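All values derive from a computational prediction rather than experimental measurement. Residue numbers count from 1 along this sequence.
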Amino acid sequence: MEKYMKKYHIKSYECDSSFHLRIMSLFNFFQDIADMHAEEMGVGYTFCEQQKIGWVGANYHIQIHRLPEWKENITLLTWPSGTTPVSGIRDFQMIDEKGKVIINASSQWVLVDIEKMRPLPVKKYLPQYEIINERAVETTFPKWASVERADSLISVPVLHDHIDFNNHVNNANYPVWALDSVASDFLKKHPLTEIEVAFKRPALLGDQLTVLTQKDNLMTRHDIKKSDLTLASIRCQWK
């Protein structure tokens with residue numbers, strides 16, 4: 001198997017006020033190319049829908065050397081880099097026009113029974129597929145401590161636009177909510193260099209969420225909660 005490749009031209013609506021790629025756009029790129037490659041491998045949405053199973057995002061670990069800018073042409077690579085009994089691991093690399101890697105990422109996806117939302121053994125429910133034994137980020141998706149103090153807090157209603165065709169909040173929204181909880185003057189001065197996301201429970205239409213943020217120098221931690229339940233935890237490193 002070769003790594004799957006797709007080229008992207010960075011459009012104005014995919015950028016923020018600094019003309020750099022939005023974090024939501026980055027996550028959408030990852031989902032886009034992962035969907036296409038999984039379909040080509042025979043383990044994508046079409047196959048899963050027929051089997052009443054599905055991939056649910058569990059983790060992301062992303063290292064950012066720099067975010068691409070408006071009008072830039074980039075190449076995105078992806079490949080399956082490993083499995084666990086109930087999950088698949090997929091890695092990504094973003095390369096600029098000079099051939100330099102500007103973003104490395106690794107993600108973990110749990111295979112579930114769509115109706116019961118219970119994890120399923122990958123080897124039993126999926127056709128065998130080839131793995132490329134190479135990691136863009138050497139990570140085991142470690143756990144980290146929950147937010148101990150709320151240096152800032154925002155409330156987020158789950159609206160219709162947040163919902164994807166699995167009828168829960170699309171994964172790309174969670175890191176956006178985390179970054180929205182950080183002061184704008186800090187965001188302007190400190191580029192994001194690393195972000196880790198652990199998805200724990202899905203948010204649904206009509207949920208009222210709270211984002212708790214703890215800031216320790218150039219590291220922030222974020223817990224996205226519904227009442228006392230943590231739906232996602234995010235850790236960011238800034239330059």
Stepwise, does the side chain to side chain donor-acceptor pair (under 3.5 Å) test hold for E39 with T46? CA-CA 7 Å; E39 281 289 307; T46 302; 2.9 Å; yes
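- Under the 3.5 Å distance criterion, the side-chain polar atoms of Q128 are left unmatched by any main-chain donor or acceptor of K123.
- Less than 6.0 angstrom separates the ring centroid of Y45 from the ring centroid of F165.
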Show, in sequence, the C-alpha distance, side-chain angles and deciding distance for V182 and S152, and conclude whether the side-chain contact (heavy atoms from CB on, under 4.5 Å) test is met. CA-CA 8 Å; V182 179; S152 65; over 6 Å; no
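- With hydrogens and angles ignored, the 3.5 Å screen pairs no side-chain donor or acceptor of S81 with any backbone N or O of R135.
- A salt bridge does not link R118 to D113: none of the charged nitrogens lies less than 4.0 Å from a carboxylate oxygen.
- Judged by distance alone, with hydrogens and angles left aside, the side-chain atoms of T210 form no donor-acceptor pair with the main-chain N or O of K225 at under 3.5 Å.
- Here K226 pairs with D207 in a salt bridge; the nearest charged N to carboxylate O distance falls below 4.0 Å.
- Aromatic ring pairs are classed by plane angle as parallel below 30°, tilted from 30° to 60° and perpendicular above 60°; the pair Y60 and W109 is perpendicular.
- D16 has no carboxylate O lying under 4.0 Å from a charged side-chain N of K188, or vice versa, which leaves the two without a salt bridge.
- Chaining together hydrophobic side chains whose heavy atoms lie under 4.5 Å apart leaves Y13 on its own.
- At least one donor-acceptor pair closer than 3.5 Å links the side chain of W55 to the backbone N or O of V43.
- The CG atom of L231 sits 6.0 Å away from the CG atom of L209 when rounded to the nearest 0.5 Å.
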For L212 and S146, run side-chain contact (heavy atoms from CB on, under 4.5 Å): C-alpha distance rounded to whole Å, both residues' side-chain angles, the deciding distance at 0.1 Å, then the answer. CA-CA 10 Å; L212 306 175; S146 298; over 6 Å; no
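- Of all heavy-atom pairs spanning A136 and D91, the tightest one is N-OD2, 2.6 Å.
- With hydrogens and angles disregarded, no donor-acceptor distance shorter than 3.5 Å links the side chain of E72 to the backbone of I10.
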For side-chain contact (heavy atoms from CB on, under 4.5 Å), just list the numbers for W177 and I234, CA-CA rounded to whole Å, side-chain angles, deciding distance to a tenth of an Å, and then say yes or no. CA-CA 10 Å; W177 293 334; I234 298 171; over 6 Å; no
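- No donor-acceptor distance shorter than 3.5 angstrom exists from the side chain of N170 to the backbone of D164, with no hydrogens or angles considered.
- Screening I64, I62, T139, V137 against N104 for a side chain to side chain contact (heavy atoms under 4.5 Å, CB included) leaves a single residue, V137.
- Looking at D223, its side chain never comes within 3.5 Å of a backbone N or O of T230 through a donor-acceptor pair.
- Looking only at distances, a side-chain donor or acceptor of D151 sits under 3.5 Å from a matching main-chain atom of K215.
- The backbone N or O of V147 lies less than 3.5 Å from no partner atom in the side chain of Q214, so there is not a single donor-acceptor pair.
- Between S155 and Q208, some side-chain heavy-atom pair lies under the 4.5 Å cut-off.
- By the criterion of side-chain heavy atoms lying less than 4.5 angstrom apart, applied directly or through intervening Ile, Leu, Val, Met, Phe, Trp or Tyr residues, V211 is grouped together with W238 in one hydrophobic cluster.
- Judged purely by atom type and a 3.5 angstrom limit, W79 uses its side chain to pair as donor or acceptor with the backbone of E134.
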